[in-house]
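By convention here, the first residue in the shown sequence is residue 1. Note that these values count all heavy atoms, side chains included, but never hydrogens, waters or copies made by symmetry.
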Amino acid sequence: MVAKSGGKLIHDETEFSDNVLKSDLPRPVMVFFTAPWCGPCRLTVPVVKDVLKEYVGQLDVVEVCSDDLPDVAADAGVESIPTIQLYYQGQLMDTIVGCVAKNVLSSSVSKVLEDTTESEPNGDES
């Protein structure tokens with residue numbers, strides 16, 4: 001199911017693990033922790049949508065409702081919403097808390113993409 005942010009809506013802990021925490025995922029994953037009653041979260045939705053469009057094919061996006069999955073949010077260290085976390089191969093790469101402008105989120109995504117590209121083996125001799 002597609003969430004309001006345009007990402008995949010996560011329904012349970014297993015789905016979160018399969019879509020975010022697995023070490024063999026090919027692309028970074030942006031996780032948008034939100035709730036329906038959260039005003040700043042609603043303001044963040046168009047920002048997440050814009051970044052999703054900007055990085056289509058380079059980034060997967062999932063959305064977690066912290067009301068429906070409080071244990072997932074707690075295990076991820078989420079203390080307030082909106083929170084956006086960026087993961088690569090199951091590892092947390094960056095966390096952004098609060099309502100942010102598109103350029104801030106885009107910058108964070110760009111940095112993670114750079115870091116993950118640089119960390120791939122490139123055949124250089126030591």
Side-chain angles (χ1 to χ4, degrees):
M1 173 183 238
V2 176
K4 289 181 181 176
S5 65
K8 177 180 178 163
L9 185 62
I10 299 295
H11 296 96
D12 57 43
E13 291 182 35
T14 301
E15 197 173 9
F16 182 81
S17 179
D18 289 347
N19 286 275
V20 178
L21 301 178
K22 281 195 164 186
S23 62
D24 61 349
L25 295 172
R27 292 187 288 270
V29 181
M30 179 178 5
V31 183
F32 178 37
F33 290 92
T34 184
W37 51 264
C38 171
C41 297
R42 287 192 296 269
L43 294 172
T44 304
V45 167
V47 174
V48 172
K49 279 184 177 179
D50 286 348
V51 170
L52 175 60
K53 288 177 192 170
E54 183 178 345
Y55 293 98
V56 70
Q58 300 176 67
L59 176 76
D60 292 326
V61 178
V62 300
E63 186 172 315
V64 176
C65 176
S66 60
D67 285 353
D68 295 341
L69 299 172
D71 291 342
V72 169
D75 290 348
V78 174
E79 295 180 357
S80 64
I81 53 174
T83 292
I84 297 171
Q85 293 183 331
L86 293 160
Y87 288 83
Y88 181 64
Q89 296 183 335
Q91 298 298 311
L92 180 62
M93 304 290 288
D94 199 5
T95 299
I96 299 168
V97 180
C99 192
V100 295
K102 180 186 173 202
N103 65 327
V104 173
L105 185 54
S106 288
S107 175
S108 181
V109 170
S110 285
K111 176 79 170 96
V112 168
L113 289 171
E114 281 178 30
D115 290 350
T116 58
T117 302
E118 289 174 7
S119 69
E120 292 176 2
N122 58 12
D124 286 350
E125 293 181 22
S126 298

Mind checking whether [X] and [Y] have side chains closer than 4.5 Å, heavy atoms only?
{"X": "Leu86", "Y": "Val29", "value": "no"}
{"X": "Val48", "Y": "Ile84", "value": "yes"}
{"X": "Thr83", "Y": "Gln85", "value": "yes"}
{"X": "Glu54", "Y": "Lys102", "value": "yes"}

Side chain of [X], backbone of [Y]: donor and acceptor closer than 3.5 Å?
{"X": "Glu63", "Y": "Ser5", "answer": "yes"}
{"X": "Thr116", "Y": "Leu113", "answer": "yes"}
{"X": "Glu15", "Y": "His11", "answer": "yes"}
{"X": "Ser110", "Y": "Ser106", "answer": "yes"}

message: Could you go through Asn19 and Lys8, starting from their C-alpha distance and side-chain angles, then the distance that decides it, and tell me whether this counts as side chain to side chain contact (heavy atoms under 4.5 Å, CB included)?
response: CA-CA 9 Å; Asn19 286 275; Lys8 177 180 178 163; 3.6 Å; yes

Please tell me whether [X] and [Y] are part of a single hydrophobic cluster in this structure, the criterion being side-chain heavy atoms less than 4.5 Å apart.
{"X": "Val109", "Y": "Tyr87", "value": "no"}
{"X": "Val100", "Y": "Met93", "value": "yes"}
{"X": "Leu52", "Y": "Ile96", "value": "yes"}
{"X": "Val51", "Y": "Leu92", "value": "no"}
{"X": "Phe32", "Y": "Phe16", "value": "no"}

- request: Take Thr34 and Thr44, measure what side chain to side chain contact (heavy atoms under 4.5 Å, CB included) needs, and give me the verdict at the end.
  value: CA-CA 9 Å; Thr34 184; Thr44 304; over 6 Å; no

Atom pair [atom1] ([X]) and [atom2] ([Y]), whose distance is rounded to the nearest 0.5 Å:
{"X": "Ser17", "Y": "Asp75", "atom1": "OG", "atom2": "CG", "value": "11.0 Å"}
{"X": "Asp94", "Y": "Leu105", "atom1": "CG", "atom2": "CG", "value": "9.0 Å"}
{"X": "Asp18", "Y": "Glu13", "atom1": "CG", "atom2": "CD", "value": "12.0 Å"}
{"X": "Asp12", "Y": "Leu69", "atom1": "CG", "atom2": "CG", "value": "7.0 Å"}

So which heavy atom on [X] is nearest to which on [Y], and how close?
{"X": "Asp67", "Y": "Pro70", "value": "O-CD, 3.6 Å"}
{"X": "Leu59", "Y": "Met30", "value": "CD2-CE, 3.5 Å"}
{"X": "Tyr88", "Y": "Pro26", "value": "CE1-O, 4.0 Å"}
{"X": "Cys65", "Y": "Ala35", "value": "SG-CA, 4.2 Å"}

Cationic N near anionic O, under 4.0 Å, Asp60 to Arg27: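 So Asp60 pairs with Arg27 through a salt bridge.
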
Heavy atoms from other residues, nucleotides or ligands near CD of Gln91 exceed 12 (cutoff 6.0 Å):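 For Gln91, atom CD is not crowded (no more than 12 foreign heavy atoms under 6.0 Å).
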
